[in-house]
Structures are given as C-alpha cells and as structure tokens.
2 protein chains.
Amino acid sequence: MGKVIEPRFEAAAGQLRAAGLRTTRQRLMLAEILFSQGHRHVTAESLFTEAAERGARLSLATVYNCLHQFTAVGLLRMVTVDAGRAYFDTNLSPHHHFYYERSGELRDIPEAEIAVARLPAAPEGAKIARVDVILRLQD
Amino acid sequence: MGKVIEPRFEAAAGQLRAAGLRTTRQRLMLAEILFSQGHRHVTAESLFTEAAERGARLSLATVYNCLHQFTAVGLLRMVTVDAGRAYFDTNLSPHHHFYYERSGELRDIPEAEIAVARLPAAPEGAKIARVDVILRLQD
DNA sequence: CGCAGATTTTAGAATGATTCTAACATAGCT
DNA sequence: AGCTATGTTAGAATCATTCTAAAATCTGCG
C-alpha cells in the first residue's frame, strides 16, 4: 500500500515521480520548498536552513544529495558565480544572471534582455554545453 | 644599499614596483612565472606546484597572499568557473572564456569573437562591475 | 498485508580549498 | 648598520562539500 501523501506535497510528488525519483519525506519537503513558489536560487546551506525552519527533519548531507539528484534529472540547474559555494536555480529556461558580489544574491535576467550575437566555434573535439553570462554588480 | 636582483627578475621587479608592491624573493618568482610567458590561467595550487618545480622556496599561504595582492593592484583577474577553486588570469584585456568542464582547463576567447549586443540596466543602486561570458565545453 | 531487496538517509569522519594566527624574517629608509 | 613597517610562514582553523558504513525507508511481490 502506498503511503499517504499530504495534499500540500501532491505537486512535489508528481514532479519527483515524473523525474523517476522516489518520493521520500525529505525529497518531498525539498521539492515543495523549491518548486512551489516561483523561481528560486538556493545554496545547500540556505535550503537546509529553510527546511529546518519549516520543521523538516533532515541532514545537510541529504540536502546535498537531493540538490545533485535534482540537477541530474533536470529539475535544477547549477549556477557558478562564486568560487566557494554552488548555487542552484529552479529556472530551467535559458536565461542569465545578475550577481551581487557584496551580498551573494543572485537574480535572473530574462534571456531576451541580453543578446549574445556571435559565438565562436567550439574547439576541435568539444561542444558548447552551455553559455553563461554573469553581470557582476557592485553598489 | 638595495639588494641585488638577478637579471631574469628585472622585468618582474619593474612590474611589482610599478604596482606599488615590494619586491620580495617570493613575489619576484611568482611574477616571473606569471608574466613572462604570455597569458596564463593558474590556480593557487598549480602556481605553487610550478614554483616548487622551479626550486622556489615559498609556502602555499604566500601564493594565496600574492594572488590576492596581484589581483588587488590589477596585475591579475580572478575568474570564477568552478565552485571549488579560484582561477587567476594574467590577461587583463576584456575577453571571455572557454571552460573544459572535464579537465578544468580554461582558455581565452578574444573579445572580438563574442558580441554581447544588449545589456540590461543595472538594478537600482548597483552598477555592473564586469560582464563574464563562459562557454562550458563537454567532449 | 508483510517481507525481501534495493534505494535513501544519516552522523560523523574525511577531504580540499582557502583563510587565519601570531611568530619570525626581510625590504627599504635613515 | 639599525628601525620599523611589511611580508612570509607553519600550522591550526574554517568552510563547503563529499565519503563511509550503518540504520531507515521504499517498492514490488507473494
């Protein structure tokens, strides 16, 4: 018998199943936090804290595991703007980022607002997996 | 009486002095490695190893110190492509990067080869300090 | 339902990059 | 040479992240 899923986790459960991931208590909570309130940027630490504030019982290691699993199945995108910690973005459509160097805040820039007009060919034997544009901000 | 500077360090000494940095044995060696052979991309670890191979006696902490000082005075630029370690680039002119995700190799793309046509305005109270374009490569 | 086997979670240790500390050494001026 | 600010260093400390091995949980099946 499948276990009972609280109504507020229905959507998250659907997303996890569609991605081929088991619906564990921890993953449901994290998915709910990540995917039920518009696009978000989180770090492992920030997500862990947020989950803890909501009363979730899970370990930091699980947050790392889930962030990587979600990324692997295409539910998240990793964003590298700071040598030191990884950010994860729930916005999967092509877009770019403002990065506030002082605060560490990350903000989406819709794709239409930046035009990368010409791209060089990828070097022999390689292919371009992704184009990242980061506008670094100071105040 | 100023100390004697070996001829091969003359150029490096000039650059350090021009930047307002004292010419210590360690800085001379690092500057020589960094600035005497065209543009380079290094990490603290790679630079430390290279200096050690050349017989330099210095500590890793000094490499970190120097990389940051050189960056602060505008002799280097920090490049963030990997959450985990910082790269430093001796190429100070505007340009972008190919990043081989598999090997960690970084390669310059001349500015002329990429055109970032339109930029959004910086958000209220902030200004755009830098535009980074990274083409991530897989093989 | 109730179990077996596979997958997950977890605490804690381990790792890797980087920074800090506070003692020692040196550069640059007089 | 001698003074003093600056630079270097070993080693400890910190931070983000990954690993490990054991305990917990999930899912399919009888």
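Since the structure is predicted, the reported quantities are computational estimates derived from the model, not experimental observations. Each chain gets a letter, A, B and so on, in the order the sequences are listed, and its residues count up from 1.
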Please list residues of residues 57-65 of chain B whose heavy atoms come under 4.0 Å from any atom in DNA chain D, ordered by number; otherwise none.
->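 Under 4.0 Å from DNA chain D: B:Arg57, B:Leu58, B:Ser59, B:Ala61, B:Thr62, B:Asn65.
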Please work out which residues in residues 67-84 of chain B have a non-hydrogen atom less than 4.0 Å from an atom of DNA chain D and list them by number.
-> none
Could you note down all residue pairs passing side chain to side chain donor-acceptor pair (under 3.5 Å) where residues 69-84 of chain A supplies at least one of them, sequence neighbours left out?
-> A:Arg27-A:Gln69, A:Asp82-A:Tyr99
Cut-off 3.5 Å, side chains only: do B:Ser46 and B:Thr49 have a donor facing an acceptor?
->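 Side-chain D/A pair, B:Ser46 to B:Thr49: absent.
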Nearest whole Å is fine: how far is [N] [atom2] from [X] [atom1]?
| X | N | atom1 | atom2 | result |
| --- | --- | --- | --- | --- |
| B:Leu30 | D:dT8 | CG | P | 9 Å |
| B:Tyr87 | C:dT18 | OH | P | 10 Å |
| B:Leu21 | D:dA5 | CG | C1' | 15 Å |
| A:Met29 | C:dT10 | CE | P | 12 Å |
| A:Arg27 | C:dT10 | CZ | P | 11 Å |
| A:Leu47 | D:dA16 | CG | C1' | 15 Å |

Should we say atom CZ of B:Arg54 is surrounded by more than 12 heavy atoms from elsewhere, each under 6.0 Å from it?
->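 Count over threshold, so yes.
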Can you measure from CZ (B:Arg107) to CD1 (B:Ile109) and round to the nearest 0.5 angstrom?
->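 Here the interatomic distance stands at 10.0 Å.
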Quick one: CG on B:Asp108 to CG on B:Leu106, what's the gap to the nearest 0.5 Å?
-> 7.0 Å
Between C:dG28 and B:Thr23, is there an OP1 or OP2 to side-chain N/O distance shorter than 4.0 Å?
-> yes
Within less than 4.0 Å of OP1 or OP2 of C:dT10, is there a side-chain N or O belonging to A:Gln26?
->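 For C:dT10, OP1/OP2 do have a side-chain N/O of A:Gln26 under 4.0 Å.
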Assert yes or no for the condition that the ring centre distance of A:His39 to A:His41 is strictly below 6.0 Å.
-> no
Judged by nearest nucleotide, the residue sitting upstream toward the 5' end of DNA chain C, B:Arg25 or A:Arg25, is A:Arg25
DNA chain C: B:Ala44 or B:Arg22, which has the more 5' nearest nucleotide?
-> B:Ala44
So what does B:Arg85 touch, heavy atoms closer than 4.0 Å: a base, only the sugar-phosphate, or nothing?
->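 Sugar-phosphate, no base atom in range.
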